Amino acid sequence: PNAGTLKLFQGRLHTQTAILVNQLDKTPGRKVWFNYRDTRLTYEKSYLARLNYVHQNAVKHKLVPVAHQWPISGPGVPQRGLSEQPLPPW
């Protein structure tokens, strides 16, 4: 594989998964994938900023009031143990 085939694979994956998710949600044409990029993080500050973004994302979208309450990822997972948690109802 090279960068060209990876880009093609990623494009097809995004198209097919977006169609499937929109069929499940009955929302044809809705944009599913946003601002995807793959970068190599070389600075600790960049890594910590991305980690914080991931942890706070469920809060931002009002799925939980605080990040550690999100059941499948985030800062509370090491405290609870991921295998003990039920999946979200969606």
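Values reported hereafter were calculated over all heavy atoms of this structure, with side chains retained and with hydrogens, waters and symmetry mates removed. Note that the structure is a prediction, hence the values are computed from the model and not measured.
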For residues Val66 and Val59, report the shortest heavy-atom separation together with the two atoms involved.
->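 Looking at all heavy atoms of both residues, the closest pair is C-CG2, 3.6 Å.
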Return the minimal non-hydrogen interatomic distance between His55 and Ala67, and the atom names on each side.
-> O-CB, 3.1 Å
Which pairs count as salt bridge (Lys or Arg N to Asp or Glu O under 4.0 Å) when at least one residue sits in residues 12-27, sequence neighbours excluded?
-> Asp25-Arg30
Can you tell me how far OG1 of Thr15 sits from CG of Leu20, rounded to the nearest 0.5 angstrom?
->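 Between atom CG of Leu20 and atom OG1 of Thr15 there are 12.5 Å.
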For Thr17, all residues meeting side-chain contact (heavy atoms from CB on, under 4.5 Å), sequence neighbours excluded |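 Result, side-chain contact (heavy atoms from CB on, under 4.5 Å) vs Thr17: Leu13, Trp33.
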